[in-house]
Structures are given as structure tokens and as C-alpha cells.
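Presented below is the structure to which this report refers.
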Protein chains: 2
Amino acid sequence: MPILERSNPLPLYYQLKEVLKQQIQAGHLAPHMAIPSEPELVAQYHVSRATVRQALTELVHEGLLYRQHGRGTFVCEPRVQQRVASELTSFSEELRRRGLKPGGLLFVSELVRGSQAVREQLRLTDEEQVVRLERLRTANDEPIAYEVNYLPYPRAASVYQRAKEVADGSLYHLMSTEGLAPYMVEHAFRGDSPTSREAELLHLKENECGMRSSCTTFDETGAPIAYTEAYYPSGRFEHRLTLRVTK
Amino acid sequence: MPILERSNPLPLYYQLKEVLKQQIQAGHLAPHMAIPSEPELVAQYHVSRATVRQALTELVHEGLLYRQHGRGTFVCEPRVQQRVASELTSFSEELRRRGLKPGGLLFVSELVRGSQAVREQLRLTDEEQVVRLERLRTANDEPIAYEVNYLPYPRAASVYQRAKEVADGSLYHLMSTEGLAPYMVEHAFRGDSPTSREAELLHLKENECGMRSSCTTFDETGAPIAYTEAYYPSGRFEHRLTLRVTK
DNA sequence: CAGTGGTCTAGACCACTTC
DNA sequence: AAGTGGTCTAGACCACTGG
């Protein structure tokens, strides 16, 4: 049983969370098994019950544990653990998880005024411009999606300068390192036919149909930090999203 | 300033949450405005700081507030509040929000063995059957989606008996009242062409394309409680989902 | 009944922001 | 320096579950 380090700058509840996470991943705490009760954890790790409860409450929110009043605290199924943990993963990570090799081409990275729809979504003032990234995504070197990202300019200046890094990588990850951390996204999906440019880049026949998605990303304060439009031709990629119910 | 009732069976932190929610909705606490500090709330409502923090922490999780260390606690934008609150809404509610009149026809409600895909998703044993509901959804009396729901039978027996109620209503709501509360859903979307039955019911031309979705619903323990397949023809409905980033 | 998680208190010290 | 939220303690009583 590991001991929590009081000299460690990381909070005790956070250290306890990490210990429990590792025990779950290592299989010492199996799905649907009760973990030690709160008083037991208090005794084992020499912390107060409030600290134990803070650790457990956060693990419940992260989908690793569930509680039952009067019975105990239990380990969630791996299926739930993974899905809740992956509520927002990058496209490339998702491809790797499905055993595909992610790749991509960055066609354009430019500063433009943007269409009215884009300006509305990003709530720009009259003077502001947008960073526009145009990407062709590939899986095992086959084109599977055409994607255009828009970011509000003065705020995303540093992302613009590092735009070349996102050709086959994660825009969300780059944004997070530059002070534009996604907090919430709204996705919209609909069946649609491709534009001529999409048909060309994705090697589609005239009437081949697919799916179009729009996605607006917000930071913690509710400010829009990205707007993305993408086209997925039929049969090459399935978009998967995990939601939890807020009661 | 309302006073919390100690004789009320509802917990103090819960009463405080409700008071703050009402003040936000009534506009007494405007977006991006700081709410009273934690010590101020302690004094105003005569509760301990731990109680105040429990109320605030839950409101942060629900997307109504955000905290900034050293600065204060602030009200989220209505846009964020609404979207986070609607992480899983019923189809009919969603239509009403968009100003459309929801409706529907229940074609079939039956007990069947189910395809292998369905049986795998619901993790059925060899003896178990599934409840199958087949629905045509309408908005303003126009068909907009064809949907088939599967529920694991012995568990969903009471839902099966009340199946007629869900023709134009919410299956999730009915399930919740019958001990099958959704905790997590996994949605998958892809562009696709309609089957002949879908084309007929939705009045589609041969090559008209649309979107197909599959959705598996789980309860708190990770047990699958529903599996849904749906087809949305192009141009009639846009599927919107809100996600929050778990860090 | 004993054991579990749910609620609550009255303190304390710290890290961060602002002035 | 003053005020904010972040962490932590050592208790207490309650509601729910199980044998």
C-alpha cells in the first residue's frame, strides 16, 4: 500500500486519486468490486474523511467509480471507464484506438475575414479576423475526412504561428498549450452530399453521399474558441461520441 | 434573501443550490458577474463553508458557474448553461426547442430474439429476448426520422407493458420511471443511404442520402439498458450533441 | 444490528489575485 | 495587505443496506 507524501506539492486527495486509478488499471480493484470503505481509506492513508471523499467524488465524476448508499463504492466497468474518459479525444487518437494510422495534409493556414456563419459562431467584432486551417485527414493513407477549422484571431495568434504542427496532429492539444483550453463543444451532424472540392479531394463520385458536421468549441467562461466544419464520406469513418446524463 | 430551512428534509447544500439557480434564472446574478464570495454565503445563509462549497462545486459541474482561484466565482453564459443542461434531452423536447411540433407513430412493439449485433450490444444471455419498438418520428406532421429501439427483456418488462406511451414521447423518460435510468450513452453517426423500408416510410427517392445513427445506453453500473438505430434523411433534421471536456 | 455512504460543523493554513 | 478560492482536519449525526 503506497503512502501519500505530505511533502509532495500535489494535494493529498489528488495523490489518492492517482493511487486508486493505478490500482484499478492494474486490476487490483476489479469491475463491480467494492473498493475499501471510506473509514478504511482514512485509516490506510492517514488522511481525513473529507479528503477521501474529495478523491472519490472526483473519480465518480470521471466515470471510474459509482457509489451506492448503504452498500459501498464500486469500480465501474472498463467499457464505462474508457468511454467517459474519452468524451473528447483527438481525431488521431481515436483512429489509433481503432487500429488505423492517422495522417493528414494541411492545405491552407491563413488569416481571413470569414463567412457570416463563422463570424457569428465565434462572436467576432467587426475588426477581428479568423485563422483558417484546411485539412485533409487520412487513415492508413486513405483520405477519410475533409475538415476546416476557424479560430478567433487576436486570441489564437500563437496557434496560428504554430499551425504547421497540426497537419496530422491534434488541434485541441495545440490549443490547450496556448491558453485556449476546450471546456465544452457543440456538435451537429446531418447527412449531406459533398461539395465539388470535397468530392475531388476525397475521390468521391458525383452522387455519393456522406455526413457533414459542424462543431463549436467553448472555453470555461463560454467564449467560443473554435468552429469546425467537416465532411465524412459514407463508409470510411463513423463518428462516435460519448455523453453522460446530467441529472 | 431567502433563508434555508433546517426542518426541510432536503439537504442544506441542495436548498442553497436551488436558491442560487433561481437567482441566476431571474437575472439577479448576471453572466460573468461574481456571485457572493464563499465567506459571504456562509454568513448570509448561516451554514458552514463546506456546505457552501458542496453547493458551488455541483453548480460548477452543472455548467452554471465557473471558479477562478484568487478572483471569485462567476455565472456562466446562458449559452453554456443551456447546452450543458441539455446533454441528454429527449427528441421531442429538442424539437419543441426548435419551434417544431413533435409527433410519431408506433408501428410495432414486440418481443423478439434480436439480431446478433443487438444481442452483443445488450450483452444478452442465450435465453433472453429483447423488446423491439419501431417508430416513425414526425415534426410538424412531416416524417423526419425512422427509429428502432431495443431493450433487454426481463429487465425492461415494465417498459414493454407501457410501450404505447412512447409513440410521440420520450423513451428515456419512461425508462427512468421504471428503474432503467440512463447514465451514459454512446452515439455513432455515419452517412448512409436508406433501406427500402426507410425510403418508403420517409418518402425518399432512390438515391437520396441521409445519416444513420446507432446509440447504446448504459446505466450507472455500466449495464446496457437500450440500443437504438435511427435514420435521418438529409435536410430534415440536424442531430446536435453537447459534450464537456473531462480533464 | 453493524457497516456503508450522505450531510454538516468550526475551525485551520495555503496559493493566487488585486490593489 | 486584504480578499478570494484550494486544501485539510477531527469530529458529529443521519439514512440506507445487509444479515
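Remember, predicted model here, so these are calculated numbers, not experimental data. So that the names make sense, note that chain A is the first sequence line, chain B the second, and so on, each numbered from 1.
With sequence neighbours excluded, no residue satisfies side-chain contact (heavy atoms from CB on, under 4.5 Å) with H69(B). Taking R98(A) as the reference, E94(A) meet the side chain to side chain donor-acceptor pair (under 3.5 Å) condition, with sequence neighbours excluded. E58(B) is linked by a side-chain contact (heavy atoms from CB on, under 4.5 Å) to Y13(B), K17(B), Q54(B), E62(B), counting only residues two or more places apart in sequence or in another chain. Applying the side-chain contact (heavy atoms from CB on, under 4.5 Å) criterion to Q15(A), with sequence neighbours excluded, gives L4(A), E5(A), N8(A), L10(A), L12(A). For S115(B), there are no side chain to side chain donor-acceptor pair (under 3.5 Å) partners, not counting sequence neighbours. Qualifying side-chain contact (heavy atoms from CB on, under 4.5 Å) partners for R162(B), counting only residues two or more places apart in sequence or in other chains: E165(B), L174(B), T177(B), E178(B). In terms of the side chain to side chain donor-acceptor pair (under 3.5 Å) criterion, residue partners of E238(A) (sequence neighbours excluded) are, by chain and number, R240(A), R190(B).
We find that OH of Y14(A) is positioned 23 Å from P of dC14(C), with the value rounded to whole Å. Put simply, OH on Y13(A) is 7 Å from P on dC8(D), counting in whole angstrom units. Atoms CG (L10(B)) and P (dG6(C)) sit 16 Å apart, rounded to a whole Å. Spacing between atom CD1 of I35(B) and atom P of dT4(D) amounts to 12 Å, rounded to whole angstrom units. The interatomic distance linking N8(A) (CG) with dG6(D) (C1') rounds to 16 Å, in whole Å. Rounded to an integer number of Å, the gap from E58(B) CD to dG6(C) P is 11 Å. Distance E38(B) CD to dC13(C) P: 18 Å, rounded to the nearest Å. If you measure from atom CZ of R53(A) to atom P of dA12(D), you get 18 Å, rounded to the nearest angstrom.
OP1 and OP2 of dG3(D) both lie 4.0 Å or more from every side-chain N or O belonging to S37(B).
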Is there any protein nitrogen or oxygen under 3.5 Å from a nitrogen or oxygen in nucleotides 9-11 of chain D, and what are the pairs?
from	atom 1	to	atom 2	distance (Å)
dT9(D)	OP1	R6(A)	NH2	2.3
dT9(D)	OP2	S48(A)	N	2.8
dT9(D)	OP2	S48(A)	OG	2.9
dT9(D)	OP2	T51(A)	OG1	2.7

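Taken residue by residue, residues 67-77 of chain B places heavy atoms nearer than 4.0 Å to DNA chain C at H69(B), G70(B), R71(B).
Of the N and O atoms on the side chains of E120(A) and Q116(A), at least one donor lies less than 3.5 Å from an acceptor on the other residue.
Between F218(B) and Y183(B), the ring centre distance reaches or exceeds 6.0 Å.
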